[in-house]
Amino acid sequence: MKLFFIFFFLFFLNSCSFDNKTGIWNNDKVTKQKDKIIFKDFKKIAISQSEFNKEINFNENFILKISDPIVNKEWSDIFYDYNNNTKNFKYNDLNQIIFKSNKLSKYSSSKYKLYEDGNIIISDEKGNIIVFSTYENKIISKFNFYKKMFKGVKKNLNFIVEDNIIFVTDNLGYFYAYNYNLNKILWAKNFKVPFRSNLKIYKEKVVASNQNNNLLIINKNEGELLKLIPTEEISLKNEFINNLSIYSNNLLFLNTFGSLYSINLDSLSINWFNNFNQSFDLSPTNLFLGNKIIVTDEIVIISSNLNTFFINLNTGSVLKKYNFSTKKKPVALG
């Protein structure tokens, strides 16, 4: 019986080794040839497109409509207002220094500054929040939330201010509210995932996003998590930071995957979402790059790696697409 099995095995092995029909033992040559025949009529779809390279002259009858200039005395959001759009600020062009202070921190400070009630608010890499009064010409508050265990860690703070209360998220996963007039922490939470977005305030809510592309909606008075909305997570990171914008009761959230979400801030439900990434191949060369969302007259404007989109705020449908991108945040005036 054993001799029979040995003979059968050798016969089977010998037959397969000389098989030139199935392609199993012949380096798959035959199989690959069959694949070529099957897919010979298929064409490769190119997802990339040529960059915009055209000079467009203004129409002689074109009139640029610009809104009336305004005098701005507050800057409580790092992108100025709810919808990230910049107004036509009045500037006298006097080229005069009307105020100058000493250096507020010996450490590298954030590029973003806030201004409220005559107070300049900055943060630095050590996690210090410094409030300087332009009226009193001195620092009225300098606060550091972090204990000695985080002394050697570089802090990246995101903040927004409302009625003397600074709401802060960081790259350590902390979210807290600090009243600089009372020099007091109102509440603090550790969500254990680094935050990676600007902040927005809507009524009794403050909103932020973390590096996993989760959207967190917090009660601004107690710090209670009202809702966590998960979106597409990516393992590779680039310099693009999740961006938030608000128009009426609609929160617009553009994440690092290239998806734009519209969320109703009253019901905390998703209205719609759309993806604007050029590729779902998440290699380092195909990571989503974009700019800040701006909203004007119920039109959402975003810029991705190669394109600029005009999107209907209510439906999420693309109204217009241009094959150019912007390195700077767009401004919509009129």
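One-based numbering along the sequence shown. It should be emphasised that the depicted structure is a prediction, and the values quoted were computed from it without experimental measurement.
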Problem set entry | Sequence neighbours excluded, every pair satisfying salt bridge (charged side-chain N to carboxylate O under 4.0 Å, His left out) that has a member inside residues 139-159 | none
Problem set entry | Contacts of Glu60 that satisfy salt bridge (charged side-chain N to carboxylate O under 4.0 Å, His left out) - sequence neighbours left out | none
For this session: Any chance you could measure Glu224, atom CD, to Lys189, atom NZ, to the nearest 0.5 Å?
Result: 8.0 Å
Problem set entry | With Lys227 via salt bridge (charged side-chain N to carboxylate O under 4.0 Å, His left out) - residues at least two apart | none
Exercise. Are side-chain heavy atoms of Leu114 and Ile78 found at a separation under 4.5 Å?
Worked result: yes
Exercise. Linking Ile, Leu, Val, Met, Phe, Trp and Tyr through side-chain heavy atoms less than 4.5 Å apart, which residues share a cluster with Leu265?
Worked result: Tyr82, Tyr202, Val207, Leu215, Ile217, Leu226, Ile229, Leu244, Ile246, Leu251, Phe253, Tyr261, Ile263, Leu268, Ile270, Phe273
Exercise. By side-chain contact (heavy atoms from CB on, under 4.5 Å), which residues pair with Ser325, not counting sequence neighbours?
Worked result: Ser303
Problem set entry | same_hphob_cluster(Val331, Ile293) at 4.5 Å side-chain heavy-atom cutoff | no
Problem set entry | Asn291, Asn243, Thr86, Asn85 screened by side-chain hydrogen bond (donor to acceptor under 3.5 Å, both in side chains) with Lys329, the one that passes | Thr86
Problem set entry | Derivation of the side chain to side chain contact (heavy atoms under 4.5 Å, CB included) call for Ile311 and Trp272 | CA-CA 12 Å; Ile311 303 152; Trp272 51 262; 4.1 Å; yes
Problem set entry | Distance (rounded to the nearest 0.5 Å) between Leu319 CG and Glu298 CD | 11.0 Å
For this session: Please examine the side chains of Tyr178 and Phe145, heavy atoms only from C-beta on, and report whether any two atoms are closer than 4.5 Å.
Result: no
For this session: Taking all non-hydrogen atoms of both residues into account, name the closest pair between Glu204 and Asn221 and its distance.
Result: OE1-ND2, 2.6 Å
For this session: For Lys200 and Asp81, indicate whether the former's side chain and the latter's backbone hold a donor-acceptor pair under 3.5 Å.
Result: yes
For this session: Apply the side-chain hydrogen bond (donor to acceptor under 3.5 Å, both in side chains) test between Thr231 and each candidate in Asn213, Asn255, Asn214, Thr256; give the one that qualifies.
Result: Asn255
For this session: Assess whether salt bridge (Lys or Arg N to Asp or Glu O under 4.0 Å) is satisfied between Asp124 and Lys106, documenting all intermediate values.
Result: CA-CA 9 Å; Asp124 63 28; Lys106 64 180 180 180; over 6 Å; no
Problem set entry | Residues forming a side chain to side chain donor-acceptor pair (under 3.5 Å) with Lys220, sequence neighbours excluded | Glu162
Problem set entry | Residue pairs, two or more places apart or on separate chains, that pass side chain to side chain donor-acceptor pair (under 3.5 Å) and touch residues 163-176 | Tyr146-Asp170, Asn158-Thr169, Asn164-Tyr180
For this session: Any pair with a residue in residues 171-184 that passes salt bridge (charged side-chain N to carboxylate O under 4.0 Å, His left out), sequence neighbours left out, goes on the list, sorted by first then second residue, please.
Result: none
Problem set entry | Test item: side-chain donor near acceptor, Asn275 and Ser259, under 3.5 Å | yes
Seminar exercise, completed: On a heavy-atom basis, the closest approach of Ser109 and Ile122 is CB-CD1, 4.4 Å
Exercise. Do Asn271 and Ser262 have a side chain donor and acceptor closer than 3.5 Å?
Worked result: yes
Problem set entry | Gap separating the NZ atom of Lys65 from the CG atom of Leu333, nearest 0.5 angstrom | 13.5 Å
Exercise. Do Asn84 and Val295 touch side chain to side chain, with heavy atoms closer than 4.5 Å?
Worked result: no
Exercise. Quick one: CG on Asn119 to CD1 on Ile130, what's the gap to the nearest 0.5 Å?
Worked result: 13.5 Å
Exercise. Would Ile129 end up clustered with Tyr107 when hydrophobic side chains under 4.5 Å apart are linked, directly or stepwise?
Worked result: no
Exercise. Who else is in Leu186's hydrophobic cluster (ILVMFWY, side-chain heavy atoms under 4.5 Å, direct or via others)?
Worked result: Ile160, Ile165, Phe167, Phe175, Trp187, Phe191, Phe195, Leu199, Ile201, Val206, Leu216, Ile218, Leu225, Leu228
For this session: Evaluate the side-chain proximity of Ile294 to Phe79: yes if any heavy-atom separation is below 4.5 Å, no if none is.
Result: no
Exercise. Just wondering, more than 12 heavy atoms not from Ile63 lying within 6.0 Å of its CD1?
Worked result: no
Exercise. Near Asn59 CG, under 6.0 Å, is it more than 12 heavy atoms from other residues, nucleotides or ligands?
Worked result: yes
Problem set entry | Neighbour count >12 (heavy atoms, 6.0 Å) for atom CG, Asn190 | yes
Exercise. Partners of Phe58 by side-chain contact (heavy atoms from CB on, under 4.5 Å), sequence neighbours excluded?
Worked result: Phe62
Exercise. Could you give the distance from CG (Asn274) to OG (Ser317), rounded to the nearest 0.5 Å?
Worked result: 8.5 Å
For this session: Heavy atoms only: give me the nearest Glu136-Ser133 pair and the separation to one decimal.
Result: N-OG, 3.1 Å
For this session: Compare every heavy atom of Leu157 with every heavy atom of Gly127, then report the nearest pair and how far apart it is.
Result: O-CD1, 3.9 Å
Problem set entry | Pairs satisfying salt bridge (charged side-chain N to carboxylate O under 4.0 Å, His left out), at least one member in residues 253-269, at least two apart | Lys203-Asp266
For this session: Evaluate the side-chain proximity of Asn198 to Lys292: yes if any heavy-atom separation is below 4.5 Å, no if none is.
Result: no
For this session: For residues Phe89 and Val71, determine if any side-chain heavy atom of one lies less than 4.5 Å from a side-chain heavy atom of the other.
Result: no
Problem set entry | Flag side-chain contact, heavy atom, 4.5 Å: Tyr80 against Asn72 | yes
Exercise. How is the hydrophobic cluster of Tyr135 composed, in terms of its other members, when Ile, Leu, Val, Met, Phe, Trp and Tyr link through side-chain heavy atoms under 4.5 Å apart, directly or indirectly?
Worked result: none
Problem set entry | Single-linkage hydrophobic cluster, 4.5 Å side-chain cutoff, Leu182 and Ile166 together | no
Exercise. Any side-chain heavy atom of Leu252 sitting closer than 4.5 Å to one from Ile302?
Worked result: no
Exercise. Honestly curious: do Val193 and Ile241 fall in one hydrophobic cluster under the side-chain, below-4.5 Å linking rule?
Worked result: no
For this session: Indicate if Ile301 and Phe324 have the same hydrophobic cluster label, given that clusters are the connected sets of ILVMFWY residues with side-chain heavy-atom separations under 4.5 angstrom.
Result: yes
Problem set entry | Spacing of OG belonging to Ser141 relative to CG belonging to Asn181, to within rounding of 0.5 Å | 8.5 Å
